[in-house]
Enquirer: 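Below is one structure. I have some questions about it.
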Amino acid sequence: MKITAVIMAGGRGERFWPKSRNNCPKQFLSLTSDGETMIQKTVKRLSPMVAPEDVFIVTNAAYTDLVKDQLPDVPAENILAEPCARNTAPCIAFAAAVIGRKYDDAIMLVLPSDHLIGYEDIYVSTLKKAVKVAEQGKNLVTIGITPTYPETGYGYINFGKEEGSAYEVERFVEKPDLATAKKYLASGKYLWNSGMFVWKISSVMANLKEFMPDIYEGALRIGESFGTQSYTETLVKEFSAFTSESIDFGIMEKADDIYTLPGSFGWDDVGSWLAVERINETDDDKNYVDGDVITVDSKRTTICGGKRLVAAIGTRDIIIVDTDDVLLVCSKNNTQDVKKVIAQLKEQGRNELV
């Protein structure tokens, strides 16, 4: 069966402000020393399984040119431009309807555009196993991540009976408190929810029809118009009417035949500036520096420089990010509060800085 990949690339990446902006969010930035952007890495690691002509990028309409520039081998017609943000269920329904129009039925690998993978051979092997499970019946497969510590920032997947290389999913649970996360880790029966899925188009569409009929019907109308003169008008009309809903809540928490495969391939969701020191080499004092930077008696400091010299003296557990128009200085304990700065800028009408 044809294997396709759907890369979800419409997010804003606000926690990587001020590098990540409305006009160039995180997935289009390079956060590693090799210079490749997040979305380029995502597509490249799929090359053993998926040809460029079978890669589909679902993104905000404003980012179409960025996708074309960074992924020139992906056909322009495979860039599916959302007219507005509507979460993952409409995103996936849109892609499934368009790919279904092209191939009738096919395997869909549904993947975020802004994750990093340390062991790509193991990652591809895991996806291939997931494809075999997804080819059977109406199975919906999600890739869970084997937890290595009691993380409170991720949702979890509680799995049960083993079925071949996969496990039946008992339930999906929201982000836990620390005590609960420790219990999950100790039980050995929980995985981090990575937001990666594998299924046949026919399987996910059948579940959309059952649990999200309005989105199913609208997606069908978009798919039927794809390649015609009415496509843009139909897309704007139908997609804008969709309820904003996650695929987890809309389908995965309700459907039968849900399976998960544990993944142990060096996954990192690169969720905030704290990730930079995890995914890059640091010096003997655990500092990560990029650009024209001088450090004196600094430890555990992340500095992403710009056009001018950045000098850090005696800093501890600090993140410094310098751009042409913004300087961010942030304690590592407060990286999640970057969004509060963005909220204040919006309140002040300073949207050119967002």
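A quick note: this is a predicted structure, and the numbers were derived from the prediction, not measured. If you read the sequence from its start, that first residue is 1, and numbering goes on from there. Basis for what follows: all heavy atoms, side chains included, without hydrogens, waters or symmetry-related copies.
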Enquirer: Going hydrophobic residue to hydrophobic residue with side-chain gaps under 4.5 angstrom, can you get from L111 over to V58?
Expert: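 No.
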Enquirer: Name all residues meeting the side-chain contact (heavy atoms from CB on, under 4.5 Å) criterion together with E120; count only those two or more places apart in sequence or in a different chain, and write none if there are none.
Expert: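 With sequence neighbours excluded, E120 shows a side-chain contact (heavy atoms from CB on, under 4.5 Å) to R45, I117, given in chain and number order.
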Enquirer: A side-chain contact here means heavy atoms from C-beta on lying under 4.5 Å apart; do L220 and M205 qualify?
Expert: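 Yes. Closest side-chain heavy atoms under 4.5 Å.
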Enquirer: Quick one: side-chain hydrogen bond (donor to acceptor under 3.5 Å, both in side chains) pairs with a partner in residues 259-281, sequence neighbours left out?
Expert: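 Qualifying pairs, neighbours excluded: H115-W267, T146-S264, Y154-D269, D268-R278, E277-K332.
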Enquirer: Are N139 and S203 packed together at the side-chain level, in the sense that at least one heavy-atom pair is separated by less than 4.5 angstrom?
Expert: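 Contact flag for N139/S203 side chains = no.
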Enquirer: Please identify each residue that fulfils salt bridge (charged side-chain N to carboxylate O under 4.0 Å, His left out) with K44, with sequence neighbours left out.
Expert: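 Once residues adjacent in sequence are excluded, the partners of K44 under the salt bridge (charged side-chain N to carboxylate O under 4.0 Å, His left out) criterion are E36.
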Enquirer: Take atom CG of D121 as the centre, draw a 6.0 Å sphere, and report whether it contains more than 12 heavy atoms from other residues, nucleotides or ligands.
Expert: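 12 or below, so no.
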Enquirer: What's the verdict on side-chain contact (heavy atoms from CB on, under 4.5 Å) for V110 and I247, showing C-alpha distance, side-chain angles and the deciding distance?
Expert: CA-CA 11 Å; V110 182; I247 198 70; over 6 Å; no
Enquirer: Mind checking what makes side-chain contact (heavy atoms from CB on, under 4.5 Å) contact with E245, not counting sequence neighbours?
Expert: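 Testing E245 for side-chain contact (heavy atoms from CB on, under 4.5 Å), a comparison that skips the adjacent residues, returns A89, M212, F249.
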Enquirer: For residues L178 and P150, report the shortest heavy-atom separation together with the two atoms involved.
Expert: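 Reported closest heavy-atom pair: CD1-O, 3.8 Å.
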Enquirer: Who pairs with N60 by side chain to side chain donor-acceptor pair (under 3.5 Å), at least two apart in sequence or on another chain?
Expert: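 With sequence neighbours excluded, N60 shows a side chain to side chain donor-acceptor pair (under 3.5 Å) to no residue whatsoever.
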Enquirer: Do the non-hydrogen side-chain atoms of K132 and K128 ever get within less than 4.5 Å of each other?
Expert: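 Of all side-chain heavy-atom pairs linking K128 with K132, none is under 4.5 Å.
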Enquirer: Per the side-chain hydrogen bond (donor to acceptor under 3.5 Å, both in side chains) rule, what does the pair list look like for residues 67-80, sequence neighbours excluded?
Expert: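 Checked against side-chain hydrogen bond (donor to acceptor under 3.5 Å, both in side chains) - neighbours excluded - the pairs reaching residues 67-80 are T37-Q70.
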Enquirer: Which heavy atom in C84 sits nearest to a heavy atom in F239, and how many Å separate them?
Expert: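 Result for this residue pair: O-CE2, 3.2 Å.
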Enquirer: For the hydrophobic clusters of this structure (ILVMFWY residues joined by side-chain heavy atoms under 4.5 Å, transitively), does one cluster hold both M8 and L80?
Expert: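 Same cluster.
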Enquirer: Which heavy atom in A95 sits nearest to a heavy atom in M108, and how many Å separate them?
Expert: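 For A95 and M108, the tightest heavy-atom pair comes out as CB-CE, 4.4 Å.
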Enquirer: Might you point out which heavy atoms bring L46 and A5 nearest each other, and give the distance in Å?
Expert: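 The answer is CD1-CB, 3.8 Å.
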Enquirer: N207 and side-chain contact (heavy atoms from CB on, under 4.5 Å): which partner among D256, I251, D257?
Expert: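 When side-chain contact (heavy atoms from CB on, under 4.5 Å) is applied between N207 and each of D256, I251, D257, only I251 qualifies.
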Enquirer: Is V276 reachable from V293 through a run of hydrophobic residues whose side-chain heavy atoms are each under 4.5 Å from the next?
Expert: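 Not linked; separate clusters.
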Enquirer: Would you mind telling me which of T302, L274, L328 makes a side-chain contact (heavy atoms from CB on, under 4.5 Å) with T335?
Expert: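 Single pass found, and it is L274.
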Enquirer: Can a side-chain donor-acceptor contact be found between Y156 and R171 if the only test is distance below 3.5 angstrom?
Expert: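 There is no such pair (donor and acceptor under 3.5 Å, judged by atom type) between the side chains of R171 and Y156.
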Enquirer: Aromatic ring centroids of Y149 and W192 under 6.0 Å?
Expert: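 Aromatic pair counts; centres sit under 6.0 Å.
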Enquirer: Taking side-chain contact (heavy atoms from CB on, under 4.5 Å) as the definition, give me every residue that meets it alongside I294, ordered by chain and number, with sequence neighbours left out.
Expert: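 V296, L309.
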Enquirer: Between NZ of K286 and CZ of R300, what distance do you get to the nearest 0.5 Å?
Expert: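 Reported value, rounded in 0.5 Å steps: 10.5 Å.
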Enquirer: Do Y184 and V173 touch side chain to side chain, with heavy atoms closer than 4.5 Å?
Expert: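 In contact.
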Enquirer: Can you list everything that forms a side chain to side chain donor-acceptor pair (under 3.5 Å) with T32? Sequence neighbours excluded, please.
Expert: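 Once residues adjacent in sequence are excluded, the partners of T32 under the side chain to side chain donor-acceptor pair (under 3.5 Å) criterion are D34.
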Enquirer: Strictly by salt bridge (Lys or Arg N to Asp or Glu O under 4.0 Å), give each pair with a member in residues 345-354 just once, sequence neighbours left out.
Expert: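 Non-adjacent pairs meeting salt bridge (Lys or Arg N to Asp or Glu O under 4.0 Å): E14-K346.
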Enquirer: Looking at side-chain heavy atoms only, is the closest gap between V270 and F16 below 4.5 Å?
Expert: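 Touching, per the 4.5 Å side-chain cut-off.
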Enquirer: Would you mind listing every side-chain hydrogen bond (donor to acceptor under 3.5 Å, both in side chains) that reaches into residues 91-114, with sequence neighbours excluded?
Expert: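 Every side-chain hydrogen bond (donor to acceptor under 3.5 Å, both in side chains) pair that includes a residue of residues 91-114, provided the two are not neighbours, is K26-D114, D54-Y103, D105-S202.
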Enquirer: With the 4.5 Å side-chain cut-off for hydrophobic clustering, are L127 and I201 part of the same group?
Expert: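 Result: no, two separate clusters.
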Enquirer: Does Q229 CD have over 12 foreign heavy atoms under 6.0 Å away?
Expert: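 No, CD of Q229 has 12 or fewer neighbouring heavy atoms, counting only those of other groups under 6.0 Å.
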Enquirer: Would V74 and V6 show up in the same hydrophobic cluster when neighbours are defined by side-chain heavy atoms closer than 4.5 Å?
Expert: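 V74 and V6: separate clusters.
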Enquirer: Is it true that atom NZ of K183 has more than 12 heavy atoms of other residues, nucleotides or ligands lying nearer than 6.0 Å?
Expert: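 Counting other residues, nucleotides and ligands, NZ of K183 stays at 12 neighbours or fewer.
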Enquirer: Could you tell me which residues satisfy side chain to side chain donor-acceptor pair (under 3.5 Å) with D177, sequence neighbours excluded, listed by chain and number?
Expert: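 D177 satisfies side chain to side chain donor-acceptor pair (under 3.5 Å) with T180 once adjacent residues are dropped.
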Enquirer: Report yes if the side chains of V326 and L353 come closer than 4.5 Å at any heavy-atom pair, otherwise no.
Expert: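 Contact flag for V326/L353 side chains = yes.
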Enquirer: I'd like to check the side-chain contact (heavy atoms from CB on, under 4.5 Å) partners of K307; sequence neighbours left out, ordered by chain and number.
Expert: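 Scan of K307 (side-chain contact (heavy atoms from CB on, under 4.5 Å), adjacent residues dropped) gives D324.
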Enquirer: A side-chain contact here means heavy atoms from C-beta on lying under 4.5 Å apart; do R308 and D292 qualify?
Expert: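 Result no, sub-4.5 Å side-chain heavy-atom pair not found.
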Enquirer: Side chains of I39 and F28, heavy atoms from C-beta outward: is any pair under 4.5 Å?
Expert: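 In short, these two side chains touch, coming nearer than 4.5 Å.
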Enquirer: D337 vs V341, test: side-chain contact (heavy atoms from CB on, under 4.5 Å). Steps then yes/no.
Expert: CA-CA 7 Å; D337 292 336; V341 176; over 6 Å; no
